[in-house]
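Notes to accompany the following structure.
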Amino acid sequence: MEAITITLNGVEVSGYAGMTILDLARESGVYIPTLCHDPNLASTGACRLCLVEDEPSGALHASCVAPIAPGMVINTHSPRVVAHRKAILKLMLASHPDSCLVCDKGNRCQLRQLASDMGIGLVEFQRIPQPGVIEEVNPFIQRDLSKCIMCGKCIRADQEMVVVGAIDYIHRGSAVRPTTLNDVPLEKSECTFCGTCVAICPTGAIMEKEKAYTGTATSTVDTVCPYCGCGCNLNLGVRDGLVVRVRPSAPSPVNRGTLCVRGSYGYDFIHSPERLRRPLVRVDGELQETTWEDALQQAAAGLQKVVEKSGPESLAVFGSPRCTNEENYLLQRLARCVLGTNSVDNGSRLYSAASRIGLGATIGYAGTTGFLEVLERSRVIMVIGANPEVSAPLVDYTVKQAVRFKGARLCVIDPCRTRLTGFASLWLRPRIGTDIALLNGLARIIIDEKKLDVEFVTRRTDNYAPWARSLQKYTPDYVEKVTGVPGQDIRAAARLFADAEEASIVYGNGITLHADGTSAVIALANLAMLTGNIGRNGGIFALQRECNAHGACDMGTLPNFLPGYQLVDDARARQKFEEKWGCRMPEGAGLNALEMLAPGSRVRGMFITGENPAVSFPQPARVKEALASLDCLVVADMFLTETARLAAVVLPSASFAEKEGTFTSFEGRVQRLRRAIPPVGESLPDGGIIQRLAEALGVPMPYTSYQQITDEIEEIVPFYQHTAFKNAGDGELELTDIEKGLFGTRRLHKGLFPSGFGRFTPVEQLTPTDVAKDGYPLTLLAGTVLFQFGTGSRSRRTSRLGRFRSEAFLEIGGADAKSYRIKDGDAVVITSEKGRLDTTARISDALPPGVLFMPISFPESPVYELFATSLNHQARAPALKSCAVKLERTTANG
Amino acid sequence: MTAAKPGSNHQRTIFICQGTGCVSGKSFDITAALSRAAKEQGLAGVNVDFTGCHGFCEQGPVAIVEPDGIFYSQVTVADVPEIVQSHLRDGKPVERLFYKDPVTGEAIPHHRDIKFYSKQQRIILRNIGRINPERVDDYIAMGGYESLKKVLKEMTPGQVIAEIKRSGLRGRGGAGFPTGTKWEFCHNAAGDQKYMVCNADEGDPGAFMDRSTMEGDPHTVLEGMTIAAYAIGATEGYIYIRAEYPLAVKRVRLALQQSEEKGFLGDNILGSGFSLRIHVKEGAGAFVCGEETALLASIEGKRGMPRSRPPFPANSGLWGKPTTINNVKSLATVPVIIARGADWYAATGTEKSKGTCVFALTGKIANSGLIEVPMGIKLREIIYEIGGGIPGNKKFKAVQTGGPSGGCLPESYLDQSVDYESLAAAGSMMGSGGMVVMDEETCMVDVARFFLSFTQAESCGKCVPCRVGTKQMLDILERICRGEGKPEDMDILQELGQNVKVGSLCGLGQTAPNPVLTTLRYFRHEYEAHINEKRCPALSCTSLTSYFILPDKCQGCGICLRNCPVGCIAGDKRMVHIIDQEKCIKCGTCLDVCPERFNAVLKVSGETIEVPAAPVPVTAGKPAAAAASQKE
């Protein structure tokens, strides 16, 4: 590319074609003030503060939008430029209130900073007051448009970054302002309260509302969001040991300025009054506060007694994907080396086991195969069994950006309407549980129409021919019969996917939580391999529900795997760890989480960290019984959860904001958590608890710092050799470091799969067992909602999320509601073979006939009581997506 | 023209104007009544037809009888029987409907003798008023679509561009960018798809030349557009018409249909292999959508907000594709240039501004209407010869050219040449062709305030100088008009005006301060009078004027008291009436109703008339008073 040379403040500097004057100035270290510019947004040149003068033409250019041109002689601070800049700033100040003294934005207000930088005092212009605070009932965002300078950043953030389209300009002239469609309050608009506009607003016009703690942060810390698996980088503002606000980290290459409502407003649980501050032990049937020494001693004694009585194999450890890699590493070491059991598992068993096994069997790699940048540049994106708006908002933003701004075409496969279906060029609505037939059908069409990637299939995969033969019966007619999707749509989807230069697949719990979820994952991987959309092009994006689901499994918090997926049964691998840890390890795979608590289980004692099986497992009532009947239950948690209430010893855990360590995001980025505040009360990070418990058990672990653990992980766990943690120091993560940290990806991009060849694996569509059947004519889908998270143990303790749309409900389609004579708000009872639930009906137009939806996040309405503990065979995980139910209205006179 | 055969004495055609102005004067009804009457009378040789706007809307509804060339003005349905019987049947024109010269009062029967027309030179408006705009054959009979044929059969796109460049045609939308060069940029831009857009979002208050062109001769716009599309290589076109022009939309749509039927549009036009589809997009009423980037955003379905250039539409326009946007008048000129040659066209006008320009002449002028004059004509010729001067023996004060963002030029500029450069040098502009004449009763501060209030309200609100700067200026002007001006206001206005001009993102903001800056430049004394003496020299600003009843003239007739809408006049029979200045709303009713022979009410500004505190008996003994009382 030809370099373009211009003179900038008397110095010759060179840039490339298309670069703006502002880009080049910033690159050259020349400061130009801006208010409407943001690196994550398309520039519009609205504020005009970045005006610069081109000497030869005498023209003033808005440098954020003016491209450099040969021969320009740019002056960024000539008297003329400065005079105009001051005048513009004065105009803004004239239409901005003087309420700085009482404005929460305070010195962080960019308008005020610039006024001060430019030495602007009182303004001679007439005051032009603007309309003020808008009355709204949502607890998240307050709009005070009297402070709005119309930089338009909120509108662009809404439309370009999170692609929601809730706000736009209204009116003309001096009455113009940003607002919702029809000027309704935010809570009645499309707004998802992601808080991106709040973070980007340069003044106090859009502010966080109803904060638990006020005041300006005196220090800030970059860390990682503790909710879903996207791994968004957070910036915590701290004052007096309290987290007072959360923003997206400024230079993050991951979330690039965005967050979701949970990331922005879900942090209040840190300072919840319900946080456990001291250890608890059971005395005469009641939990009472005690000292750490006493609690640990009692926990150790309890566990040891179980070992003495029933042997180490009767102990089990259940860890959490909310804990760091280091903590999970310690936890499985505790299980294997201290307690002597391989019965160790983590909460992601419930929702991502199918991915681990399905992808492992085909591509030999147990997770998402690429960065979101790959998804963003894909020409075709298939979203199947996932509603990323709720489960992985960052992925939702990326898909929508690809469609809206990069010309990608979207194929959504989902029986329910989601916001993404509005972006789709093709939307298939298969019957619930028929995904395998549909995916096999797509593959067959691609093969029949010779649209497969022959070179990729030949050189990078094996077992093609037997697999292709297994597709024989999946003709479009057959698939149409099974799935209910019209044959022409199946053909269109197959062609769309196969013809794309680069195609990606996004899937989530709608795939993995079904009874045959593992087979469905395999069918997806077959499709990706068939079209060469894996490894070098496109990829598979397996959404993860929890922040460190990926890492917890990588660290070997699994009954059959050691860290780095080295088989427990592999004596050589065991030996490596035994030498490292100086201990003897039990042989043979242990029990998984469901088996631990299954009727007749041999488990008599358990240590549970950060998990709440009494709510999250199917048949919670039965699980509670199992937990209560244990000889010893030790629980470490932030709150007295339903599970913790049953424990003999409860140890108070610290939150994510109170600890160091790393999370591995669903993309495979290993990202560092930084401690923002000291642990609340006497609580300790789970890692510390595990180490102190090991010590109390008489087998102390030899780590004195997190760095030592991280170093050991790097040394001993394949794929973690280049984590960013070590290189990043205290500064920001470098992109190159993070790229190195994306273990496996490089390998996938070049040469062979980790296991050699990708393996085509035949899978058959079985008759779905988790859908409507005789006597239970409706199919209930269980899932998450945007304003809650998981089982709600944190989100429900977050004041604002807890209050906003926090009632449990049952969603029912309009046609079904009519035939059951149910009106919005009616009380209903749903019954399955396993249980019954009372709740309130809400009519929705998103559901197909015969399908109901209920969120899982409300403990007062435990959906999983309705589910059987039917295990997905290959993954040994429960099928928690759907079940057969019947419905009755209980409201009279409905 | 199927009916009007010049020279035939047996057949007469009466053309009724059906432009929007005359339509609002019930010309549809007049047409229907004429047809009916002609039929009833059994006048086989008489045709009733209609045309587009003649431009002389002030005299509307107008009609022309050909081949006689008789021009009727202000026709009503009631006049129809007389026209039919006397003129169409008996060949005796109806004299009372002749146009009367506003200065001499002389009746002028023939269209060609009316000064309003005789001084004009019509290129863009050449067919309007002479053809039925809803019949493509009329256009073809006038030589229409011959240029398109010539272009497609004999010329390469490069030759078309060269011809237009040689003609010196500049964009008639206001900025005056050379049309041929614009086409060349787009022609040379790389792109698999290109677009040709006609900007018919005529938003200047009082301007209606684009509307008249589309209503009166839609095919010339289509032909020009097709030639342009051929030159740049576009296969899709859009005409962006403001939705407030329903008649124009209707006639353009009809013309599109006819043109496609005739093979002048659509696939493989005239067998040349060149294809073009044109769509009509109706605007939603935003003035700023006349700005080309806002217009493109609007076509794309977005909010009409301008964006920064570069990239220019020639490289990245509609949906990011190379796009040419031309004004209606520019496109209407193109077929003529092709037909008669660049040299012929370039012979008219000045060195840098070729051809003709169209103005909507209005304000304090005898003949207001649409006019087309050669570039380089003097303002004086337009105002005094075509426009017939200022009515009511008032004195000329200023003329504003170029729409709401134009500048106001004083009497000393009357001999100024009308062309792009001269007007810009004087602080005004050609704009889209508004021309407002002001007389001594117009307050220039108020005029500046008025125009700025329009541009301020129509600002898209995107950039700070335009949104807030114009609002600041407007607030200051409003204050000055209220008599609350401060001496430093003029300097602030001057500075802010410059800030807005150079700092704004698009043409709207860059020109919005023009009326303020030019009035400050040429009529500074009026600002000073408002600010320093709290006086409006034109007696126009309500806050600065007051009404007094002169004690020595008032005859106590009570007519003002009875008509005062707020009851602020005290008095009684034969008592001197007194206006309560506190209560007076300055509506001027008292002045209007006071009998001319008394002339007792005086409107003043910046001064106070001594009046008694309470009504006193009318001063006795004056002959006038005695006469008046006798009459009563």
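Each chain gets a letter, A, B and so on, in the order its sequence line appears, and its residues count up from 1. Only this structure's heavy atoms are used, side chains among them; waters, hydrogens and symmetry mates stay out.
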Need one label for [X]: side chain, backbone, both or neither, based on atoms under 4.5 Å from any heavy atom in chain B.
{"X": "A:I155", "answer": "neither"}
{"X": "A:I149", "answer": "backbone"}
{"X": "A:S174", "answer": "both"}
{"X": "A:H61", "answer": "neither"}
{"X": "A:L51", "answer": "side chain"}

Top residue by heavy-atom pair count (under 4.5 Å) with chain A, among [options]?
{"options": "B:A286, B:C460, B:P310, B:G469", "value": "B:A286"}
{"options": "B:E488, B:K471, B:E495", "value": "B:K471"}
{"options": "B:I476, B:V288, B:L496", "value": "B:L496"}
{"options": "B:Q498, B:R307, B:Q456", "value": "B:Q456"}

Using heavy-atom distances under 4.5 Å, tell me whether [X] contacts chain A through its side chain, its backbone, both, or neither.
{"X": "B:R467", "result": "both"}
{"X": "B:S504", "result": "backbone"}
{"X": "B:R309", "result": "neither"}
{"X": "B:L505", "result": "both"}

Do the side chain of B:Q472 and the main chain of A:Q126 share a donor and acceptor less than 3.5 angstrom apart? yes
Within the supplied structure, the quantity of interest is the number of heavy atoms (other residues, nucleotides, ligands) at a distance under 6.0 Å from [X] [atom1]; does it exceed 12?
{"X": "A:E501", "atom1": "CD", "value": "no"}
{"X": "B:K534", "atom1": "NZ", "value": "yes"}
{"X": "A:R409", "atom1": "CZ", "value": "no"}

Review point. How far apart are the closest heavy atoms of A:H171 and B:R303, and which atoms are they?
Key: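 Answer, listing the atom of A:H171 first, then B:R303: O-NH2, 2.7 Å.
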Here the pair of heavy atoms bringing A:I128 nearest to B:D475 is CG1-OD2, 3.8 Å
Taking the side chain as every heavy atom from C-beta outward, state whether B:M305 and A:T44 have any atom pair closer than 4.5 Å.
no
Which residue in the set A:H84, A:R85, A:R48 passes side-chain hydrogen bond (donor to acceptor under 3.5 Å, both in side chains) when paired with B:N499?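 Of the listed residues A:H84, A:R85, A:R48, the side-chain hydrogen bond (donor to acceptor under 3.5 Å, both in side chains) partner of B:N499 is A:H84.
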